[in-house]
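I have placed the structure first, in the form of structure tokens, so that the comments after it can refer back to it.
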Amino acid sequence: MATAPPLDSTTVASHPRLTDSHGRVIHDLRVSITDRCNYKCVYCRTGEHGAQYPELEIDDYLRLIRVFVGLGITKIRLTGGEPLLRRGLLDLVRELVRLRTVERELLELAVTTNGHLLEELAVPLKDAGINRVTVSMDAVDAPTFERITRVPGSFETVLRGIRAAREAGLTPLKINCVLLRGFNDGQIEGFAHFARRENVVVRFIEFMPLEEGRLWTPEIVVPLKEIVERISRALPLVELPARDSSETARRYGFADGVGEIGIIAPVSQAFCGACSRVRLTSDGKIRTCLFSQVEHDLYGRLRAGASDAELAAYIVHTIAGKEARHHIGEPGFLKPSRSMVHIGG
Ligand code: SAM
């Protein structure tokens, strides 16, 4: 293990930013706080099993996150599984709000959710200190949506959740839609109208080989270019400038100035070169890439009695080995050991 820098406030402030061996600064931590989910989206889950990995105590997530923040993380996204299912979520958020970045600023705190419990939790999340919520939604008509989630009544429930989040001020509200050809790509134009009508930013995501089953083929991916062309035929789009270099979505505004969409194109236009992310799984393993073949047992070290300085040294060492890029669609591509729901999207 590399020699650990002591973690007092002065040396933390002077610690070099968490940087990998490809020169990328890592400032965005995604933490899965459960791999349980109340939806069984057909492109994600086989529907046969639920949780596969243990959950940590909320205090243990907090301690690990605190060490990451001491190393330069500025943004935390809580995810899962379905993070709103996790008991203690609001307590965790209230504690995260008290942390400061190495520059002594507030952290950016976000949640990714399927929205099923958002109607009741939007105001509590906002009050606890969450800045932004991203809701996943793969169709704008109820029957298609419910065929995907395999939960009756889910469309209306999520719609109420989205509206509650917007009213609670969790804005700009982003809606993520994963597109699969021949399955829900008929929803593209409907989503463009939905974005304008509901005053939300809809972001289409190219489907990646991260499902529990074996659905993925290159042909099933609906690429960025096709999405832009299809929407533009109905509602002309203009490309908007990126807000920062590690932004995953390409942004487009509607030409009449009303509304915005985004496209996240990890397959057709990979953005690995600008990746600023690292993930912590619900059982406390570091994943340096969605497609990592190896995981790094941070929680195992905590449980064995490691000090914060030793945990920090392990994180620094692990991040240094972050993969240069993914190899989706290349010969010899290996699916990662965990699917998206068990990694944390
Ligand atoms: N339950 C939460 C939710 O629904 O947002 C958080 C976890 S979910 C795994 C996070 C996101 O990953 C969702 O937007 C989901 O659609 C997306 N996702 C799942 N499988 C995917 C895949 N194979 N390719 C791209 N995105 C995927």
Side-chain angles (χ1 to χ4, degrees), residues 30-47 50-53 77-86 89 110-118 121 125 130 132-139 144-145 148-151 154-155 157-158 161-162 165 170 173-181 183-185 187 191 200-218 220-224 227 248-249 262-268 270-271 277 279-282 287 289-291 326 328-329 333 335-336 338-345:
R30 304 200 169 190
V31 184
S32 171
I33 53 174
T34 178
D35 73 334
R36 289 174 287 131
C37 192
N38 41 1
Y39 283 1
K40 291 179 289 217
C41 297
V42 290
Y43 64 85
C44 184
R45 320 283 306 277
T46 57
Q52 283 181 18
Y53 297 91
R77 178 172 292 278
L78 301 175
T79 182
E82 174 46 42
L84 270 49
L85 287 175
R86 182 61 206 260
L89 165 67
V111 173
T112 298
T113 172
N114 60 27
H116 195 76
L117 298 173
L118 198 52
L121 281 173
L125 281 168
I130 282 293
R132 269 201 299 275
V133 169
T134 300
V135 181
S136 305
M137 197 185 186
D138 301 311
T144 310
F145 189 81
I148 294 172
T149 62
R150 295 188 266 204
V151 173
S154 50
F155 181 77
T157 309
V158 172
I162 288 172
L170 292 163
L173 192 62
K174 291 182 183 156
I175 308 294
N176 281 355
C177 165
V178 177
L179 287 174
L180 281 76
R181 187 179 305 286
F183 177 74
N184 68 340
D185 57 331
Q187 303 284 314
F191 263 115
V200 293
V201 179
V202 172
R203 304 186 319 166
F204 298 100
I205 306 179
E206 291 177 348
F207 182 51
M208 294 179 278
L210 284 166
E211 71 283 23
E212 285 180 346
R214 294 214 163 264
L215 265 179
W216 195 90
T217 61
I220 208 168
V221 177
V222 186
L224 176 141
I227 301 168
T248 50
I263 304 179
I264 302 175
V267 181
S268 72
F271 39 80
R277 279 171 294 287
R279 287 179 162 80
L280 189 65
T281 61
S282 59
R287 291 188 68 98
C289 173
L290 272 175
F291 296 93
H326 69 62
I328 300 176
F333 168 80
K335 258 178 90 161
R338 296 193 194 206
S339 59
M340 190 68 135
V341 66
H342 303 297
I343 296 173

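One-based numbering, in listed order, for ligands and for the atoms of each. Note that these values count all heavy atoms, side chains included, but never hydrogens, waters or copies made by symmetry.
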(request) Only one of D185, L215, V42, V222 passes side-chain contact (heavy atoms from CB on, under 4.5 Å) with L180; say which it is. (result) L215
(request) Check whether any side-chain N or O of Q52 sits under 3.5 Å from a backbone N or O of H342 as a donor-acceptor pair, and report yes or no. (result) no
(request) Please could you name the atoms of ligand 1 that G81 approaches to less than 4.0 Å, counting only its heavy atoms? (result) 1 (N), 2 (C), 6 (C), 7 (C)
(request) Pick one of side chain, backbone, both or neither for how W216 approaches ligand 1, counting any non-hydrogen atom pair under 4.0 Å. (result) neither
(request) Look only at the side chain of E206 and the backbone of L224, and say whether a donor-acceptor pair between them is shorter than 3.5 Å. (result) yes
(message) Out of all atoms in ligand 1, which are within 4.0 Å of some heavy atom of L210? Include the element for each.
(response) 23 (N)
(request) Check ligand 1 against G345 and write out every atom of the ligand that is under 4.0 Å from a heavy-atom position of the residue. (result) 10 (C)
(request) Report, in ascending order of atom number, the atoms of ligand 1 lying under 4.0 Å from any heavy atom of F207. (result) 22 (C), 23 (N), 24 (N)
(request) With heavy atoms of T112 as the reference, note each atom of ligand 1 found under 4.0 Å away. (result) 2 (C), 5 (O), 6 (C)
(request) State the atoms of ligand 1, each with its element, that fall below the 4.0 Å cut-off from a heavy-atom position in T113. (result) 2 (C), 3 (C), 4 (O), 5 (O)
(message) With a 3.5 Å distance limit and no angle check, can you tell me whether R45 reaches the backbone of Y39 through a side-chain donor-acceptor pair?
(response) yes
(request) Check for a donor-acceptor pair, side chain of T34 on one end and backbone N or O of G80 on the other, with a separation under 3.5 Å. (result) no
(request) Check each atom of ligand 1 against the heavy atoms of T79 and keep those under 4.0 Å away; list them by number with element. (result) 6 (C), 7 (C)
(request) Check for a donor-acceptor pair, side chain of R338 on one end and backbone N or O of I343 on the other, with a separation under 3.5 Å. (result) no
(request) Give the residue, atom name and distance (to 0.1 Å) of the protein heavy atom nearest atom 8 (S) of ligand 1. (result) G80 O, 4.4 Å
(request) Before giving the answer on side chain to side chain donor-acceptor pair (under 3.5 Å), spell out for R287 and T281 the whole-Å C-alpha distance, their side-chain angles and the decisive distance to 0.1 Å. (result) CA-CA 7 Å; R287 291 188 68 98; T281 61; over 6 Å; no
(request) Please write down residue, atom name and distance for the protein heavy atom closest to atom 19 (C) of ligand 1. (result) M340 CG, 3.4 Å
(request) Please confirm whether D138 comes within less than 3.5 Å of ligand 1 when only nitrogen or oxygen atoms on both sides are compared. (result) no
(request) Between V178 and ligand 1, find which residue part has any heavy-atom pair under 4.0 Å and reply side chain, backbone, both or neither. (result) side chain
(request) Search all heavy atoms of E211 against all heavy atoms of M208 and return the closest pair with its distance. (result) OE1-O, 3.7 Å
(request) Counting heavy atoms only, name the option from E212, E211, M208 that's nearest to atom 25 (C) of ligand 1. (result) M208
(request) Please report the shortest heavy-atom distance between N114 and V158, naming the atom on each side. (result) O-CG2, 3.3 Å
(message) With a cutoff of 4.0 Å, is S339 in contact with ligand 1, counting heavy atoms of the residue only?
(response) no
(request) For atom 16 (O) of ligand 1, find the nearest protein heavy atom and state the residue, atom name and distance (0.1 Å precision). (result) Y43 OH, 2.5 Å
(message) I need the contact type for T134 against ligand 1. Using non-hydrogen atoms and a strict under-4.0 Å cut-off, is it side chain, backbone, both or neither?
(response) neither
(message) Please check this pair: side chain of W216 against backbone of F207, looking for a donor-acceptor N/O pair closer than 3.5 Å.
(response) yes
(message) For a 4.5 angstrom cut-off between non-hydrogen side-chain atoms, does P223 reach V267?
(response) no
(message) Could you tell me, atom by atom, which parts of ligand 1 come under 4.0 Å of a heavy atom of S136?
(response) 3 (C), 4 (O), 5 (O), 13 (C), 14 (O)
